[in-house]
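Here's the structure, in structure tokens; my notes come after.
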Amino acid sequence: MSTELEAIQPLDSLPPYGRAVAAPPRPWFTRWDNDRFSPAGPLSVGGGLLRAQGAVARDLFEARGLNTYIAGCGLLMVFASLLYGAILGSVAGAGQVVYAAVKFPVVIVGACAICLPSFYVFQALTGARLSFKQAVAAVLMLGAAAGLILLGCAPIAWFSA
Amino acid sequence: MAALLGNLLHKPELHFRLAWQTPAVKLYLLSAGVLGAMAWGAAMGSHVGRAHLWITTIKMPLFLLFTLALCFPLMHITLLVGGVKARPAQTLTVALSGLCTLAICLGACAPVVGLFCASAPIPSMASYLNLYVLCLVCGVLAGIAGLRVLARGMRSLCGGPVRAPLIAWALIYQFTGAQVAWVLRPWIGSSYGVDGYSLSHGLSGNFYMGVWAVLMRWLKEIGA
């Protein structure tokens with residue numbers, strides 16, 4: 001039997017009596033905290049959405065560079081969904097390429113436009129406190145992310161069709 | 001008006017502090033509420049379309065305001081009995097703020113509901129029931145948001161607990177509102193294309209007897 005005593009933790013490193021020990025931050029939160037990104041222009045917004053979501057979210061909440069984000073996400077949303085539609089439409093012939101390329105941006109932009117009023121009102125009521133411009137940027141970010149993911153799936157969808 | 005609505009949604013405490021000093025706030029609340037309710041009415045009316053669209057657009061704000069007019073004396077008395085010392089003008093401001101929040105929430109849901117209403121097939125009992133549930137969910141969400149604003153308004157008047165008058169207000173408004181909505185029906189329009197509004201149709205029976213009849217029919221169907 002060992003007679004060696006365990007090392008005692010110094011008192012100042014312990015939380016005060018009766019207080020809960022703070023949980024360590026989750027890995028995703030740490031990653032988002034460490035994200036760094038500043039958009040050089042509307043066309044660079046896609047990189048931020050894919051690689052540095054934490055930095056993009058911070059910019060959104062602090063209303064930094066909103067015009068750049070709105071323009072970038074809007075363009076990205078339209079062009080990514082247009083390309084996806086064209087690729088998907090190419091399976092059914094040349095006429096369908098144009099038709100689907102027009103339809104997909106209409107679907108994504110339309111969905112964002114329809115949901116924007118309820119998103120703005122309910123986020124305000126639940127305490128998120130975003131301005132209308134920030135809400136527009138948030139909804140466009142959603143559309144842009146959806147467009148990018150669709151574009152990423154396009155080759156698989158084309159191959160499967 | 002945009003600033004007032006921003007305060008109402010983002011900072012209700014500030015909204016009520018300003019409202020006690022500016023009586024004109026009531027007018028803005030009224031206009032915003034009417035616009036929100038009209039948008040919601042148009043969305044519901046778009047299922048049947050044609051004349052039903054504009055009839056429902058007009059009926060919706062009338063429904064909310066008429067219910068408020070019927071309930072207001074009892075609501076004010078409840079507030080006083082509940083220990084909130086308010087003048088009638090203050091009660092009206094609190095009630096209009098809650099109602100305006102409800103109408104704005106409904107108006108914000110209008111594009112979504114309008115899309116479903118306009119694209120649902122007619123006649124189809126299934127799509128009618130789906131729309132009914134969708135409108136009910138939106139109504140419940142908007143009602144909760146309205147109640148939260150009402151609670152803030154009452155608290156800014158008395159500073160103490162306001163649970164009892166708040167529950168009383170919700171019950172009074174719901175009880176009366178259900179009957180007013182019954183009289184002013186149809187809202188979505190039946191799946192068989194009821195076009196327009198007829199007072200004789202609305203005045204037959206009442207909401208609670210209607211619910212009772214549906215319940216009995218349902219129990220008979222399942223053989224209970």
Side-chain angles (χ1 to χ4, degrees), chain A residues 57-64 66-67 69-70 73-74 77-78 81-82 84-85 88 99-100 102-147 150, chain B residues 1-15 29 32-33 35-40 42-44 46 97-119 134-135 137-153:
Chain A
R58 272 197 302 278
D59 285 349
L60 176 69
F61 280 112
E62 289 159 18
R64 271 198 306 253
L66 280 186
N67 289 336
Y69 278 111
I70 288 174
C73 289
M77 181 170 77
V78 169
S81 52
L82 186 146
Y84 179 74
L88 216 62
Y99 191 51
V102 173
K103 253 195 319 188
F104 261 93
V106 170
V107 167
I108 296 207
V109 174
C112 288
I114 284 174
C115 294
L116 178 64
S118 43
F119 172 73
Y120 172 67
V121 168
F122 285 105
Q123 63 81 22
L125 287 168
T126 47
R129 311 266 159 105
L130 298 182
S131 67
F132 189 71
K133 201 172 174 185
Q134 284 170 306
V136 171
V139 169
L140 286 178
M141 279 175 191
L142 171 80
L150 281 177
Chain B
M1 188 152 149
L4 178 111
L5 292 183
N7 281 343
L8 182 67
L9 297 177
H10 287 292
K11 304 166 199 155
E13 284 82 9
L14 179 63
H15 160 77
L29 288 172
L35 285 178
M38 283 174 83
W40 175 251
M44 283 207 294
S46 65
S97 302
L99 205 61
C100 179
T101 309
L102 179 134
I104 288 171
C105 289
L106 289 178
C109 295
V112 180
V113 173
L115 174 73
F116 281 95
C117 282
S119 56
L134 178 65
C135 291
V137 170
C138 291
V140 169
L141 285 177
I144 291 169
L147 276 179
R148 286 183 63 194
V149 169
L150 278 184
R152 302 256 179 96

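Below, each value reflects all heavy atoms present in this structure, side chains not excepted, and no hydrogens, waters or symmetry copies. So you know, we letter chains A, B, ... as the sequences are listed, proteins then strands, and number each from 1.
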Exercise. Counting only heavy atoms not in A:F122, do more than 12 fall under 6.0 Å of its CZ?
Worked result: yes
Exercise. Between B:V112, B:V149, B:L141, which has the largest tally of heavy atom pairs under 4.5 Å with chain A?
Worked result: B:V112
For this session: Taking side-chain contact (heavy atoms from CB on, under 4.5 Å) as the test, write out the residues that go with A:A100, two or more places apart.
Result: none
For this session: Quick one: list whatever passes salt bridge (Lys or Arg N to Asp or Glu O under 4.0 Å) with A:R64, sequence neighbours left out.
Result: A:D59, A:E62
Exercise. With a 4.5 angstrom heavy-atom cut-off, which part of B:L9 approaches chain A: side chain, backbone, both or neither?
Worked result: both
Problem set entry | Interface residues of residues 124-137 of chain A facing chain B - non-hydrogen atoms under 4.5 Å apart | A:A124, A:L125, A:T126, A:R129, A:L130
Problem set entry | Per-residue contacts, residues 108-117 of chain A versus chain B, heavy atoms under 4.5 Å | A:I114, A:P117
